[in-house]
Amino acid sequence: MYEKKAAKSDNERLIMVFGDSLTYGYGDEKGSGYIDALQTKLNQKHKDEVFRYKNEGIYGLESSGILKQLSDVRISERLDEADYVLVFIGTNDLINSNGGDVNPLRSERIAAGKKVFNENLDTILELVKAENSYAPILLLRLYNPYPDEQKYERIFDQ
């Protein structure tokens, strides 16, 4: 098991969150998105712990943007304090690799974008582990912004 650095306090847990507009809070009336709901649920379920988060979500972010964030010493220093790291990225990579939308689907462009995304994701995981070897890294699957279109579901699943 990994040895953890001294905690902020024995019962305090920090979740560092990286992602795009959904992580940032876009689409939520309060502007906090799923992160606020996650924090509330965790604090309700784990009465003996206090969960807080540092939201590094940016509207329109792609995986290359997280790489840039991780090169910022202000972020990497905070990453070392994290008890958990959550990464929710890739939807913008997919859509932008196809030309900014998904209609029409351009398989060759998506395949090239997927290769770059996977390389970026591998590097993101390496950098996070180098800064913080004990925090579990939670990866969320791509968000499909077109839920009524079954033809797109396969693309987002892959």
Side-chain angles (χ1 to χ4, degrees), residues 1-96 102 113-114 117-118 120-158:
M1 198 67 182
Y2 297 113
E3 186 171 302
K4 185 176 175 178
K5 289 182 105 177
K8 284 75 49 198
S9 69
D10 287 342
N11 70 337
E12 189 175 359
R13 303 292 173 256
L14 174 63
I15 304 170
M16 288 282 295
V17 188
F18 296 90
D20 57 22
S21 59
L22 294 175
T23 299
Y24 174 77
Y26 179 78
D28 181 59
E29 291 175 4
K30 296 184 288 182
S32 55
Y34 72 90
I35 300 300
D36 190 46
L38 175 63
Q39 181 184 27
T40 299
K41 291 255 187 220
L42 288 171
N43 284 323
Q44 288 173 347
K45 185 171 181 170
H46 302 278
K47 301 284 187 202
D48 56 332
E49 295 178 303
V50 176
F51 288 85
R52 60 186 180 84
Y53 63 87
K54 176 69 174 117
N55 189 343
E56 299 296 342
I58 297 175
Y59 185 86
L61 196 69
E62 293 185 16
S63 57
S64 59
I66 293 179
L67 291 174
K68 190 172 185 176
Q69 287 177 306
L70 292 172
S71 69
D72 184 331
V73 69
R74 295 169 296 183
I75 291 176
S76 62
E77 284 178 351
R78 283 299 299 272
L79 188 59
D80 189 43
E81 301 170 14
D83 296 287
Y84 302 91
V85 177
L86 196 147
V87 179
F88 188 16
I89 197 73
T91 300
N92 292 324
D93 292 78
L94 187 148
I95 292 171
N96 292 337
V102 291
K114 181 178 179 181
F117 171 75
N118 285 331
N120 287 346
L121 189 57
D122 287 344
T123 304
I124 289 166
L125 297 175
E126 290 171 14
L127 291 171
V128 169
K129 288 177 188 176
E131 289 295 328
N132 186 329
S133 61
Y134 58 85
I137 303 169
L138 308 164
L139 297 174
L140 301 181
R141 73 184 293 274
L142 295 186
Y143 169 72
N144 178 0
Y146 310 100
D148 297 332
E149 298 286 336
Q150 287 297 320
K151 64 182 176 180
Y152 300 133
E153 191 65 31
R154 179 184 58 82
I155 300 295
F156 285 92
D157 284 347
Q158 292 176 352

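Not a single donor-acceptor pair under 3.5 Å links the side chain of D20 to the backbone N or O of G90. A donor-acceptor contact shorter than 3.5 Å links the side chain of N43 to the backbone of F51. Judged by distance alone, with hydrogens and angles left aside, the side-chain atoms of S133 form no donor-acceptor pair with the main-chain N or O of K129 at under 3.5 Å.
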Before you tell me yes or no, could you show the steps for T23 and L140 under side-chain contact (heavy atoms from CB on, under 4.5 Å), namely the whole-Å CA-CA distance, both residues' side-chain angles and the distance that decides it to 0.1 Å? CA-CA 11 Å; T23 299; L140 301 181; over 6 Å; no
Do I155 and V102 pass the side-chain contact (heavy atoms from CB on, under 4.5 Å) test, and can you show the C-alpha distance, the side-chain angles, and the key distance before you say yes or no? CA-CA 10 Å; I155 300 295; V102 291; over 6 Å; no
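In terms of the side chain to side chain contact (heavy atoms under 4.5 Å, CB included) criterion, residue partners of K54 (sequence neighbours excluded) are, by chain and number, L14, M16, E56, R78.
Between F18 and N55 the shortest side-chain heavy-atom distance does not fall below 4.5 Å. Residues L142 and I89 form no side-chain contact, since every pair of their non-hydrogen atoms from C-beta on lies 4.5 Å or further apart. Looking at heavy atoms from C-beta onward, P145 lies in side-chain contact with T91 at the 4.5 angstrom threshold. Using a 4.5 Å heavy-atom cutoff, the side chains of V85 and L138 are not in contact. Counting heavy atoms from C-beta on, the side chains of F156 and L94 come closer than 4.5 Å.
Between F88 and Y34, the ring center distance clears the sub-6.0 Å criterion.
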Listing, residues 57-68 side-chain donor-acceptor contacts under 3.5 Å, not counting sequence neighbours, or none:
residue, atom, partner, partner atom, Å
E62, OE2, N96, ND2, 2.6
S63, OG, D93, OD2, 2.7
S63, OG, N120, ND2, 2.9

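Distance check, rounded to the nearest 0.5 Å: CZ of R13 to CD of Q39 gives 14.0 Å.
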